[in-house]
Participant: 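Just passing along the structure, written as structure tokens.
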2 protein chains.
Amino acid sequence: MAQSDTVTRILDTAEALFAEKGFAETSLRTITGKAKVNLAAVNYHFGSKKALIQAVFARYLDPFCEQFNAELAALEKRGSVTLEELLEVLAKTTISVPASKGSLSVFMRLLGLAYTQAQGHMRRYLQEHYGQTFTRFTNQLKLCTADLPDAERFWRIHFMLGSVVFTMSSLDALRDIAYNDYDEKTRIKDLVARLLPVVTAALKAPVPEPLVASD
Amino acid sequence: MAQSDTVTRILDTAEALFAEKGFAETSLRTITGKAKVNLAAVNYHFGSKKALIQAVFARYLDPFCEQFNAELAALEKRGSVTLEELLEVLAKTTISVPASKGSLSVFMRLLGLAYTQAQGHMRRYLQEHYGQTFTRFTNQLKLCTADLPDAERFWRIHFMLGSVVFTMSSLDALRDIAYNDYDEKTRIKDLVARLLPVVTAALKAPVPEPLVASD
DNA sequence: TAATGTTTAAAACGTATGTTTTAACCTTTG
DNA sequence: CAAAGGTTAAAACATACGTTTTAAACATTA
């Protein structure tokens, strides 16, 4: 077997299986079996299953953050960015980075799993490695939505994060329904096109009257 | 041990542990150990782990759907309902049904897990048992948002479902952050108050130009 | 009270998992 | 060519899991 093509095969297979079934439900034997690689290879090359999971994420997020940071730097230098422009940059980066076809939906599903499924180590990993880029983005977002109270913005960011992650996570199932019920062949591009006005409107929605505490 | 207080104890403990760690990551031994109940009791009372998971959901969703169906029936009889009213009813029902304190966030987390984690049997179960109520709601929603193309409405429903499920899923973690960073003691009521205008605005957002297919 | 059906207890079963070990196999380098 | 280091192969290890079995305890009813 050439070089360590083994590593790539493990990553590719693990990525697909994780996205399909979840982390705990995917065994190393299933991965190595499908990848036609020896069982011990995972522990040899990655050290453990946890480390393999993180490696799958790193392969996506490292190039994404690199490009997104560059885009953000350009925006910061320019100054006075509109909300639409900022979101457009985010969407553009998200779409353009993934290498192989259909890999974006796979990764989004992984991201969703990491947030909802992993009980801690994955969230911590994501925060430690990519938290800085996220903060940089939210700082920029704050400039675009200056009239939003900080707490309100905080919650709305997570509302929207939920929209994206959840939808992308269930993309295949939803796409099937959309095709059966509405004859729509939804591509990622289309989904982003649908998502952008919704997210924009959500972030610009009127702020509710602060409720007076009663308990 | 009185009667089948065992069943309740299993359900309570399983619910909490599932929400905290996920389904696959929570073993029957952990559940029965914490519930101070014999290991075999789960298989005796429920039949299998899968059935236990479904029972946890049923305990929530059965009363919820019962009340929500009643509310929907009232709306249907009345006719000409606004989007705000419909969402208000949904929110009211969601808040009022859960029995114990803090149980709503637990359940929302479960719902999120069911959608993202389970590879099929749980989705199928939810669809079979509660799909009718969901359809009834979406029918009503269609009346409130008549100018929205069907496909667009379909996607937006899932965007918003994502917001709710995802936020509620991570509620504890997010609440901690909100408290530390913004001195905000977020109660479920407050969250719903924040959510309503956002969801309304998202559903009312302008429809994007249909993209011409290029691939 | 005696008998019967239901629930709990304790142990064992069979299987699947992540990881480690040992030896073989290349590929590179002196 | 030979030695060495990196890589793969096959097997074994230890553990954890869901489930089943057997017997005891309990509650209910006749």
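Chain letters run A, B, ... following the sequence lines, proteins first and then strands; every chain starts at 1.
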Participant: Hey, is B:R136 close enough to B:E76 for a salt bridge, meaning N to O under 4.0 Å?
Facilitator: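 Salt bridge: yes.
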Participant: Go nucleotide by nucleotide along DNA chain D from the 5' end; which of B:N43 and A:A41 gets its closest nucleotide reached first?
Facilitator: A:A41
Participant: Whole angstroms only, please: what is the CG-C1' distance between B:L17 and D:dG18?
Facilitator: 16 Å
Participant: Where the side chain of B:N38 is concerned, which of C:dT19, C:dT8, D:dT19 is the nearest nucleotide?
Facilitator: C:dT8
Participant: Figure out the CD/P separation between B:E25 and D:dA16, and round it to whole Å.
Facilitator: 16 Å
Participant: How many Å lie between CZ on A:F46 and P on C:dT19, as a whole number?
Facilitator: 13 Å
Participant: Consider only side-chain N and O atoms of A:T186 and A:R175, and report whether a donor and an acceptor are under 3.5 Å apart.
Facilitator: no
Participant: I want to know whether A:Y60 and A:F107 have ring centres closer than 6.0 Å.
Facilitator: yes
Participant: Would you confirm whether B:T145, through its side chain, and B:L148, through its main-chain N or O, come within 3.5 Å as a donor-acceptor pair?
Facilitator: no
Participant: So which protein nitrogen or oxygen atoms get under 3.5 Å of nucleotides 21-25 of chain D's nitrogens or oxygens?
Facilitator:
none

Participant: With a 4.0 Å cutoff (strictly under), does any side-chain N or O of A:H45 reach OP1 or OP2 of D:dT8?
Facilitator: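 Yes, because at least one side-chain N or O of A:H45 sits under 4.0 Å from OP1 or OP2 of D:dT8.
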Participant: Please determine whether a side-chain nitrogen of the Lys or Arg among A:R59 and A:D12 lies less than 4.0 Å from a carboxylate oxygen of the Asp or Glu.
Facilitator: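 A:D12 and A:R59: salt-bridged.
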Participant: Check for me whether the distance between the ring centres of A:Y182 and B:F154 falls short of 6.0 Å.
Facilitator: yes
Participant: Send over the distance from B:K50 NZ to D:dC17 P, rounded to a whole Å.
Facilitator: 19 Å
Participant: Once you round it to whole Å, what is the distance between P of D:dT19 and CG of B:L52?
Facilitator: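 Interatomic distance, CG of B:L52 to P of D:dT19: 10 Å.
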Participant: For D:dC17, does either OP1 or OP2 sit under 4.0 Å from a side-chain N or O belonging to B:S27?
Facilitator: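 Checking D:dC17 against B:S27, a side-chain N or O does come within under 4.0 Å of OP1 or OP2.
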Participant: What is the distance, rounded to the nearest whole Å, between atom OH of A:Y44 and atom P of C:dA23?
Facilitator: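 To the nearest whole Å, that distance equals 18 Å.
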Participant: Name the one of B:T93, B:T133, B:N69 that satisfies side chain to side chain contact (heavy atoms under 4.5 Å, CB included) with B:F64?
Facilitator: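 Result for side chain to side chain contact (heavy atoms under 4.5 Å, CB included) with B:F64: B:T93.
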Participant: Provide, to the nearest angstrom, the distance between the CG atom belonging to B:L28 and the C1' atom belonging to D:dA16.
Facilitator: 12 Å
Participant: Nearest to the side chain of B:T6 - D:dC13, C:dT8, D:dA11?
Facilitator: C:dT8
Participant: What contact category does A:T26 fall into here, base, sugar-phosphate, or nothing, at under 4.0 angstrom with non-hydrogen atoms?
Facilitator: sugar-phosphate
Participant: Would you kindly give the CG-to-P distance between B:D5 and C:dT7, to the nearest whole Å?
Facilitator: 13 Å
Participant: Of all the nucleotides listed (D:dT7, C:dT17, C:dA9), which has the minimum atom distance to the side chain of A:R29?
Facilitator: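 The listed nucleotide nearest to A:R29's side chain is C:dT17.
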